[in-house]
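Naming: A, B, ... by sequence-line order, numbering from 1 per chain.
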Number of protein chains: 2
Amino acid sequence: MSGTARRTGDHRRPTVADVAREAGVSVATAGRALGNYGKVGADLRERVQTAAELLGYSPNVVARSMRSGGTQSIGFVGADISNPFFATAMRGLCDVAREEGYEPILANSDDRLDVERNAVGVLLDKRIDGIVVSPTSVLDVEHLRRAEEQGVPVVLLDRHSPVLAVDSVLIDNIAAAKSAVAHLLGEGHRRVGVLASVDPVERPEFEDVDGELVVHGAQRPSVDRIRGYLSAMHAGGVRVTTDLICSAALGDVADADHRAGELLSRTPRPTAIFATDNVTTQGLYTAIRRLGLRIPDDVSLVGFDDLDWTTLVEPALTVVAQSPIDMGRKAAQRLFARIKGDESAPQQYLMRTHLVVRGSTAPPHSS
Amino acid sequence: MSGTARRTGDHRRPTVADVAREAGVSVATAGRALGNYGKVGADLRERVQTAAELLGYSPNVVARSMRSGGTQSIGFVGADISNPFFATAMRGLCDVAREEGYEPILANSDDRLDVERNAVGVLLDKRIDGIVVSPTSVLDVEHLRRAEEQGVPVVLLDRHSPVLAVDSVLIDNIAAAKSAVAHLLGEGHRRVGVLASVDPVERPEFEDVDGELVVHGAQRPSVDRIRGYLSAMHAGGVRVTTDLICSAALGDVADADHRAGELLSRTPRPTAIFATDNVTTQGLYTAIRRLGLRIPDDVSLVGFDDLDWTTLVEPALTVVAQSPIDMGRKAAQRLFARIKGDESAPQQYLMRTHLVVRGSTAPPHSS
DNA sequence: TTGTATGCGTTATCAA
DNA sequence: TTGATAACGCATACAA
């Protein structure tokens with residue numbers, strides 16, 4: 001009996017040829033029997049299968065990929081897998097991928113365009129069948145366009161690009177932020193601050209139009225959430241000044257804490273603050289505690305992302321909840337639809353969010 | 001000028017042959033110039049490179065893999081990427097992989113052996129060059145042994161297998177747990193409980209040997225942490241009974257909360273509890289709050305894993321800190337050492353842990 | 001140094 | 001139904 005591995009280093013895995021020899025048939029027949037394509041007689045199929053079993057055959061996917069062009073692999077490029085948002089989205093993506101018989105290859109961009117470009121290039125060279133990306137820039141997307149041109153579908157996660165005709169899966173950032181701020185206004189707050197994360201390369205600019213502040217800048221989560229904030233404030237008839245709008249470096253909790261501290265030392269102090277993502281929420285929370293302020297007595301807080309810890313602290317935080325796992329799933333579903341040939345017009349898929357009102361928001365103490 | 005993509009669906013990417021034709025040289029020369037191997041004249045190299053540039057050539061890694069055998073991909077199989085421990089370890093692994101020019105393929109096992117086996121099989125079929133796995137079982141490891149036999153190095157993360165001769169990267173679970181419990185004993189606690197996560201298929205068994213409790217069962221984190229607990233208690237001269245040892249379903253916060261509730265309703269109530277991982281820590285914390293108990297006045301708590309939230313709650317939690325990112329890095333480093341041919345005897349790499357004493361532990365209120 | 005020819009393992013085409 | 005053979009794209013052994 002030959003064929004089973006005898007020692008470490010016995011690298012060679014059996015091929016169809018080996019199986020064919022063992023079964024005494026041609027490689028073509030063996031291939032057909034193993035791959036379940038074409039016509040094979042029942043007896044030969046049997047012989048081939050037992051031979052395969054005996055040798056411990058399993059197909060070389062690389063060779064198959066070379067012929068078929070497909071690799072049964074997809075790529076996922078996000079800023080940082082250790083961020084709970086991406087980790088959870090990745091989980092959803094993995095689940096759908098596995099249902100489809102695919103495996104995901106992961107790359108972190110750290111929100112650096114060069115890193116992202118490089119990662120996308122590597123993934124294309126690996127001939128992935130599709131790619132989900134949460135792009136650093138929604139304007140500089142040549143690398144993603146190239147993917148599309150090569151026939152590799154792209155789906156954007158948590159971002160939409162005005163210059164790239166692909167599906168995108170995200171939330172209605174403006175509406176979500178608006179609901180958060182409207183809640184604060186409803187509680188009676190007037191001096192409401194916002195703490196956003198802003199990427200240095202696509203930072204928003206503010207313009208005062210007839211006493212009303214408007215934001216210029218690409219449609220990215222942070223910026224749109226500022227838009228939602230402004231929209232709510234305007235709808236509530238509250239004048240906004242730029243000293244209530246504060247931004248911290250993307251993904252940097254310490255900086256968020258620092259900036260939140262600045263925001264909290266404006267005079268008069270904001271009676272409520274809206275943090276636009278989970279990192280700024282955490283920074284804001286620690287800053288409030290560092291300054292010895294009480295929630296919600298001294299300051300109300302609405303955070304973003306319904307992470308576990310927001311219910312572990314006391315009081316539990318009012319947050320805008322989104323569902324990263326569903327976003328990951330949806331993105332994967334759209335990607336596989338495209339991989340399977342869906343040619344319909346690209347869409348923005350806006351996933352549900354909801355405001356979870358908990359104990360960190362209350363009417364302002366003194367007005 | 002031909003060759004650049006004209007429309008979506010123009011799938012064909014240029015090959016060395018295309019570049020060779022464009023440059024007016026043979027495929028061999030083009031290949032040598034592009035792959036930087038063999039000898040090529042400066043002028044021809046130039047011609048080839050500009051031709052490649054013009055056509056937008058980049059190598060087909062799949063074809064290269066078929067010849068070379070290597071894929072520049074590694075696998076990572078963990079229970080659940082949305083668990084912060086795995087997400088952070090994955091981050092470390094990604095970083096090292098990228099430095100080495102590799103990309104990781106991710107699979108979640110949900111601590112299910114069949115899922116894990118299948119995932120490993122798929123990864124092997126994809127001809128990954130190595131695999132880091134945090135195995136569901138440390139005894140049933142045939143699938144991992146098969147990988148080794150095929151020449152695919154395996155590194156275990158957060159687990160050690162007595163029946164598999166491969167590197168493993170983990171912490172000294174016994175010592176870490178012992179230090180946690182010793183701290184509680186040092187504070188004067190005697191009635192100390194432990195809340196562990198236990199996999200149903202490899203659950204530990206307890207035996208009373210001369211009035212001293214010993215655990216039987218494979219060397220897994222949870223079980224070893226129970227061992228550390230027992231060791232500390234024994235060293236402190238405290239008798240342990242099984243009613244102080246409680247276990248919850250792996251990865252299930254709700255169950256951990258439930259079990260913690262049971263543990264907290266023993267009479268007399270434990271004055272301190274050690275939770276063996278981040279999931280049970282969270283469950284224990286919510287159970288304590290649900291029952292209206294105060295930390296550390298009514299019950300002291302030592303948790304496991306230094307997650308952000310443990311410093312956001314009040315009081316901040318005393319925890320055993322490990323460094324998942326370093327564990328991920330280390331595992332990747334060992335894997336690449338093996339991939340590069342390191343044949344030295346497999347080792348257990350024990351990573352640093354330390355007890356971070358914060359406000360959730362204090363002497364028992366009344367003794 | 002450059003070119004020709006061949007193999008990697010699968011799958012598909014074609015002929016028997 | 002079965003078998004011989006070509007092709008995917010790259011890298012190499014060998015010939016020129």
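Between the side chains of D129(B) and Y102(B), at least one donor N or O lies within less than 3.5 Å of an accepting N or O. Inspection of the R13(B) and S58(B) side chains reveals an N or O donor paired with an N or O acceptor under 3.5 Å. Defined by atom type and a distance below 3.5 Å, a donor-acceptor pair is present between the side-chain atoms of E116(A) and T136(A). Between S73(B) and K126(A), the side chains place a donor N or O and an acceptor N or O closer than 3.5 Å (distance only, hydrogens not considered).
Taking 4.0 angstrom as the limit, Y57(A) places a side-chain polar atom (N or O) nearer than this to OP1 or OP2 of dT10(C). Contact annotation: S26(B) reaches the phosphate of dG3(C) (side-chain N/O to OP1 or OP2, under 4.0 Å).
Within 4.0 Å of V62(B), counting heavy atoms only, lies no atom of the nucleic acid at all. Using a 4.0 Å heavy-atom criterion, one finds that G41(B) contacts the sugar-phosphate atoms exclusively. Residue contacts shown for R67(A) include a base, since a base heavy atom lies under 4.0 Å away.
Separation of atoms NZ (K330(B)) and OH (Y349(B)) is listed at 6.0 Å; rounding is to 0.5 Å.
Taking atom CZ of R32(A) as the reference point, atom C1' of dC14(C) lies 11 Å away to the nearest angstrom. Taking atom CG of L44(B) as the reference point, atom P of dG3(C) lies 7 Å away to the nearest angstrom.
Positionally, the nearest nucleotide of DNA chain D for R45(A) lies more toward the 5' end than for the other of R45(A) and V27(A). Residue A42(B) is the one, among A42(B) and S68(A), whose nearest nucleotide of DNA chain C lies closer to the 5' end (criterion: closest heavy atom).
Shown here is R145(B), whose CZ atom has more than 12 heavy atoms of other residues, nucleotides or ligands within 6.0 Å.
With a cutoff of under 4.0 Å to any heavy atom of chain A, the contacted region of DNA chain D is bounded 5' to 3' by dT1(D) to dG9(D).
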